[in-house]
Amino acid sequence: MPTRFFGEPIKRAEDPRLLTGRGRYVDDIDLPGQLHVAFLRSPLAHARIRSVDVSAAREMPGVVAVWTYDDIGPCQRRMPLLIPHPDLTHPYTRYPLAKDEVNHVGEPVAMVIAESRYAAEDALEAIVVEWEELPPVVDIERAIRPGAPLVHEELGTNVAAHYVGIVGDPERAFAQAAHVFRERLVIERSAGMPIETRAVLAVWKDDEDLLEVWDTTQAPIVIRNALASLFGLAPTQVRVIAPDVGGGFGCKIMVYPEEVLVPYAALVLKRPIKWTEDRLEHFVGTNHERLQIHDAEIAVDGEGRILGIRDRFLHDAGAYTPYGIIVPIITACQLPGPYKVPNYHVEFRAVYSNTVPVSPYRGAGRPHACFVMERLLDRVADELGLDRAEVRRRNFIQPHEFPYDVGLIFQDGAPTRYDSGNYPGMLDLLLERMDYRRLVEEELPRLRAEGRSVGVGIACYVEGTGIGPYEGATVRVEPTGQVYVATGMPQQGQAHKTVLAQIVAEELQVPLESVQVVEGDTAHFQFGSGTYASRSAVVCGSAVALAAKKVREQGLALAAEELEVAVEDLVVEDGRVYVRGVPERGFTWAQIAQLANPLRYAYAGDLVVRPRPWTGPALPPGRQPALEATEYYSPPHATWASGAVGALVEVDVETGQLRFLRLWVVHDCGKMINPLVVEGQVHGGIAQGIGGAFYEKLHYDENGQLLNASFMDFLMPTAMEIPRMEIAHQETPSPLNPLGVKGVGEAGAIPMPAVVAAAVEDALRPFGVRITRMPLDPDQIWRLTHPAEA
Amino acid sequence: MNTIATERRVIRVVVNGSPYEREVEARLLLSDFLRHELGLTGTHVGCEHGVCGACTVLLDGEPVRSCLMFAVQADGHEIETVEGLAPNEAELHPLQRAFWEKHGLQCGYCTPGMLMVLKAFLAENPDPSEEEIREAISGNLCRCTGYQNIVEAARYAAQLLRQR
Amino acid sequence: MKPPRFRYCSPESLEEALAVLGEFGDEAKPLAGGQSLIPMLNMRLARPSVLVDLNRIPALAGIERTDRFLRIGAMTRHRAVERSESVARAQPLLAEAIGYVGHLPIRTRGTVGGSIAHADPAAELPGVLLALDGTVELQSRRGHRTVPARDFFVDLLTTSADPDELVIAVRFPVLPPRSGTAWLEVARRHGDYALVGVGAVVTLAEDRRTIRDARLCFIGVGNTPVRATGAEAALRGQPAAADTWRSAAEAVRNELDPASDIHASAQYRRSVAGVLTERALALAVQRAQEGTAG
């Protein structure tokens with residue numbers, strides 16, 4: 001019997017190092033002669049720079065250099081627009097150091113390089129900037145009014161992109177509908193906020209002609225390519241390593257100014273240069289997400305079946321659009337969720353503001369979409385007197401209707417086409433776990449009779465995961481028996497080293513400990529894009545599976561030749577390849593690797609390579625001296641995971657406090673490689689989703705000052721705020737990839753605003769209020785229940 | 001002597017059982033001292049204002065934020081960091097075993113702080129309830145795990161420690 | 001986020017510390033637990049020239065019980081208060097409130113004197129001290145004086161201590177018989193500064209059904225901890241009953257003048273202060289009646 005690795009809850013290979021303090025995060029690395037960087041950042045949201053005087057700073061003790069835009073040579077060009085889109089008609093990116101204008105608080109203006117971070121920060125205080133203040137644009141609704149001040153004068157507009165997507169005939173659907181309901185729905189600004197801030201360490205190695213860069217990035221190959229191109233180096237002259245990275249959640253995929261300026265300083269000063277972002281910088285220097293304002297309407301027939309949806313929304317792009325309009329595109333495409341929406345009009349404007357730029361944060365537009373769709377369905381249920389679960393059931397795409405085309409082009413440029421799913425099954429499983437009937441018919445009435453404000457909510461979602469373009473992997477069986485696996489994807493906690501090893505171990509039937517996964521180092525793998533969009537397991541996992549399969553085939557062919565049997569007569573088991581029924585006739589994988597490599601000596605201690613008579617070249621044409629394959633996997637389009645959550649909450653209507661009594665989750669990410677890891681991903685997503693539903697909001701004032709730029713005031717939930725989660729799985733394999741897997745990284749974050757809104761609204765039914773804004777907070781709940789006082 | 005205000009000082013500390021003597025700037029944070037003077041980078045820094053808990057170490061056995069202390073204040077004291085938790089190279093501390101077993105970490109960044117606060121907590125509360133565990137780690141932010149498996153790990157570690 | 005340069009000293013006796021403070025005046029800043037001061041230094045929001053570390057003065061720490069009060073030395077850690085049986089017995093309000101202070105590692109390091117001297121209007125200990133009509137012991141080279149809490153907390157993060165004066169201890173008067181206390185607060189997250197918090201101290205008459213004396217102290221609703229003296233006066237002589245708590249809540253809402261911030265509006269704070277008043281009074285009276293104090 002083959003040993004199962006795939007699908008098993010295997011403990012992580014990553015952990016022993018991380019648990020004993022032997023992890024290696026960028027700031028953990030100190031190089032001899034290293035200098036430290038601190039950035040002077042704009043204190044104003046919108047201003048012209050009249051002058052920057054760095055002369056006093058240059059004289060400060062320990063200061064080696066102080067640079068402004070004038071000093072940065074090849075970096076004096078705008079940062080790249082990473083993802084263009086035809087509807088992004090007015091893109092705008094920044095200079096690494098502001099040239100003559102700043103557009104948000106936190107924009108880098110000058111760079112101090114000193115013997116210590118302490119000395120660098122001292123010198124920042126000696127830099128004198130003369131500003132000419134410009135009117136800040138903060139409120140995106142005001143920003144699109146005629147005559148509004150402009151973020152970027154030369155664009156002539158604050159609208160970066162205007163997108164319209166139409167499916168079917170929405171106008172007719174609305175004209176003929178039995179009921180139409182409208183909502184204005186808002187989801188506020190937030191951010192990924194990994195516990196490790198960003199950091200870059202760069203060194204020019206003169207003896208190797210090599211620029212070596214350690215970077216907390218989610219996309220080291222992208223950074224490598226950018227640096228090579230910027231500095232006129234061959235890609236092989238730049239090595240970018242994303243070592244252990246302390247969480248990413250989207251905000252670490254970008255080409256940020258610091259990621260080019262620090263390597264540039266290493267090139268110029270010929271000393272190792274380190275910059276470690278501090279938390280205050282992170283709040284204003286690393287991208288945010290979330291703020292959208294939706295005006296949505298739904299048309300239904302008398303039974304609550306969706307005839308059409310119209311949604312017009314504003315998306316806050318922040319000051320620049322380096323990552324294009326990925327977030328609102330995802331919102332637009334995913335809004336229909338697991339439901340049939342035959343007629344759909346979606347339209348958005350991405351609007352510039354003098355705030356930190358917006359790029360994906362775990363969920364990436366999906367929590368917004370789910371919030372809108374689920375709020376509309378709850379409204380339909382309530383207005384028509386239907387059970388909220390029943391309304392969902394009536395509108396689900398059915399299991400036989402896959403592949404199902406939503407009718408819009410997704411973020412990857414491919415059709416928004418759901419590959420597989422079982423949404424009714426998912427909801428049934430959730431309701432069963434919740435004991436839904438008993439809950440709503442007995443438990444809630446009983447608790448309410450005691451005077452408690454309790455409510456139940458459910459929410460369903462889909463998640464387009466595993467997008468292209470492609471990822472690749474090399475798998476090699478070493479003549480010493482280890483299996484080397486290299487990929488271009490780095491991790492920020494997603495257990496790549498474990499799950500990719502499971503895929504290889506399953507294919508080759510070797511012990512997990514013999515598989516060594518190397519990731520996030522451009523010296524080991526050259527092609528790929530990075531870790532984002534819940535794509536590692538799908539895209540990289542598939543590439544690894546393909547490469548491992550090829551190595552298995554190579555090994556079988558060699559063994560068959562050596563043993564003079566047919567490949568079909570061989571079995572792969574227990575780390576060996578042998579003749580069926582004759583286990584002693586066969587080889588270990590190490591031995592086959594030696595067979596592949598016709599050196600004139602054998603590896604000590606394992607003499608399987610016997611002298612052969614001459615038959616021609618030692619390595620015949622078409623044969624390679626290694627059991628090794630490099631394969632790429634490029635998905636035809638996204639594969640669609642799904643889920644459903646249920647929450648039982650209690651509200652203290654006098655204080656507005658919220659408490660979760662129960663929280664149920666059903667998740668379907670196709671086949672699970674490692675259920676332990678899948679559950680961990682779901683847990684983390686849910687917790688961030690709860691943050692986005694009741695705690696985390698970035699507050700800008702009308703001057704563009706971020707009012708809560710600290711962990712004292714940006715409220716990430718602690719273990720006391722996150723309830724126990726009860727998780728169940730459904731496995732609907734993806735037909736698109738060799739493993740049948742779908743992504744899970746962002747899953748949990750998506751439905752939480754929707755389900756919390758539903759449950760709180762249910763708890764507050766006696767007050768007849770609607771929840772239309774996320775996150776909630778005690779004050780808002782109190783206002784809803786005390787309209788006279790508020 | 002110590003009443004003379006100076007910008008630099010020579011300090012002696014014992015970290016994970018090893019004595020160190022260094023001359024440091026008075027303003028050097030204990031977190032920076034451990035990480036960059038002693039090379040003990042297992043202690044992480046997440047906010048430098050005392051909220052995230054990633055830099056938590058034990059000072060004379062009690063959990064403290066190393067970003068909210070100056071290295072000079074540790075003069076003459078004993079410090080324990082995550083590097084000192086395991087009894088030897090081959091063996092893990094029960095807390096480390098439990099975190100591994102229960103998938104109590106993902107990116108690993110908050111983990112050392114969690115381990116150190118739990119070490120002190122379990123020493124005082126060998127059989128805690130879930131609520132008590134959650135309260136104990138509520139000063140340590142984790143952005144990956146949703147805390148559930150950390151709580152599981154803490155319960156399991158308590159059990160392992162009680163069996164010792 | 002690295003602190004600016006400063007000079008540092010770590011006196012080993014109170015006399016030495018007072019000498020340094022006397023010498024440097026405003027330029028010096030005493031460093032107690034550092035759990036509020038060091039974040040401000042790291043953010044460069046505080047810039048003392050000299051830091052006077054009090055952590056090497058053992059005489060400043062300790063909990064002492066007399067007939068009239070519980071005296072807690074300034075450098076006593078929150079954690080020591082939390083663990084203290086004499087605090088639990090003699091000052092249940094303090095024992096109840098201390099668990100709301102930050103988190104375990106903050107309480108390990110944070111000190112009673114530091115909290116009082118920092119005078120954060122949303123912090124628990126100043127509120128407890130004011131609720132209990134406690135006093136602050138100040139010492140300088142010029143001498144020793146005792147300041148009632150109501151005169152000590154002057155404004156936002158401002159006290160009546162002079163720059164050369166050090167908080168060396170605080171005194172929490174012992175409660176009369178038939179007293180009960182309750183500490184309640186609402187915060188955004190566990191361990192955060194309170195949006196609103198209340199400490200209630202109720203002493204019953206001999207019938208155990210009439211209120212002889214009540215004190216209500218609020219945090220998070222002004223520039224200092226605030227006593228609702230009007231509501232307190234109105235409570236005296238009233239029956240211990242739900243109607244009384246409701247009237248007290250109304251009085252509190254009329255009396256307080258909280259401000260708005262990003263976490264909660266003034267109206268919310270005012271309303272919730274009333275809600276907590278009702279709950280805390282009911283609980284304090286229940287405890288007084290049960291003889292459990294708090």
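Computed from a predicted structure; not experimentally measured. Lettering of chains follows the sequences in order, A, B, ..., and the numbering in each one begins at 1.
- Options Leu31(C), Asn42(C), Leu104(C) differ in how many heavy-atom pairs under 4.5 Å they form with chain B, and the most are formed by Asn42(C).
- Of all the listed residues (Arg134(B), Arg8(B), Glu7(B)), the one sharing the greatest number of non-hydrogen pairs under 4.5 Å with chain C is Glu7(B).
- Residues of residues 24-31 of chain B lying under 4.5 angstrom from chain C, judged on non-hydrogen atoms, are Glu25(B), Ala26(B), Arg27(B), Leu29(B) in numerical order.
- Ranked by heavy-atom pairs under 4.5 Å with chain B, the list His190(C), Arg5(C), Glu12(C) is led by Arg5(C).
- Within the 4.5 angstrom heavy-atom criterion, atoms from both the backbone and the side chain of Asp75(B) approach chain C.
- A salt bridge does not link Glu82(C) to Arg77(C): none of the charged side-chain nitrogens sits closer than 4.0 Å to a carboxylate oxygen.
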Starting from the C-alpha separation in whole Å, work towards a yes-or-no answer on side-chain hydrogen bond (donor to acceptor under 3.5 Å, both in side chains) for His77(B) and Asp60(B). CA-CA 6 Å; His77(B) 290 277; Asp60(B) 300 330; 2.6 Å; yes
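- We find that Glu137(C) and Arg71(C) are joined by a salt bridge, their nearest charged nitrogen and carboxylate oxygen being less than 4.0 Å apart.
- No salt bridge links Arg141(C) with Glu165(C); every basic N to acidic carboxylate O contact stays at or beyond 4.0 Å.
- Heavy-atom pairs under 4.5 Å with chain C were tallied for Val72(B), Ile137(B), Val64(B), Thr56(B); the largest tally goes to Val72(B).
- In this structure, no portion of Leu37(C) lies under 4.5 Å from any heavy atom of chain B.
- Heavy atoms closer than 4.5 Å to chain C are found nowhere in Met116(B), neither backbone nor side chain.
- Between Phe70(B) and Phe6(C), the ring-plane angle classifies as perpendicular under the 30° and 60° cut-offs.
- At a 4.5 Å heavy-atom cutoff, the contact between Met43(C) and chain B is made by side-chain atoms alone.
- Most heavy-atom pairs under 4.5 Å with chain B: of the set Leu41(C), Leu51(C), Val52(C), Ile106(C), this distinction falls to Ile106(C).
- The existence of a salt bridge linking Arg109(C) and Glu62(B) is excluded, since no basic side-chain nitrogen approaches an acidic carboxylate oxygen closer than 4.0 Å.
- Using a 4.5 Å cut-off between heavy atoms, Arg107(C) touches chain B through its side chain atoms alone.
- Within a 6.0 Å sphere centred on CD of Glu132(B), heavy atoms belonging to other residues, nucleotides or ligands number more than 12.
- No side-chain N or O of Glu152(B) forms a donor-acceptor pair with one of Gln148(B) less than 3.5 Å apart.
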Under the criterion side-chain hydrogen bond (donor to acceptor under 3.5 Å, both in side chains), I'd like the reasoning laid out for Thr81(B) against Glu83(B): C-alpha separation, chi angles, the key distance, then a yes or no. CA-CA 5 Å; Thr81(B) 70; Glu83(B) 287 92 341; 2.6 Å; yes
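- Of the listed residues Gln35(C), Arg79(C), Arg56(C), Glu16(C), the one with more heavy-atom pairs under 4.5 angstrom with chain B than any other is Arg56(C).
- Annotation: Glu85(C), atom CD; neighbour count of heavy atoms from other residues, nucleotides and ligands within 6.0 Å does not exceed 12.
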What's the verdict on side-chain hydrogen bond (donor to acceptor under 3.5 Å, both in side chains) for Arg9(B) and Ser10(C), showing C-alpha distance, side-chain angles and the deciding distance? CA-CA 11 Å; Arg9(B) 273 238 182 143; Ser10(C) 52; 2.9 Å; yes
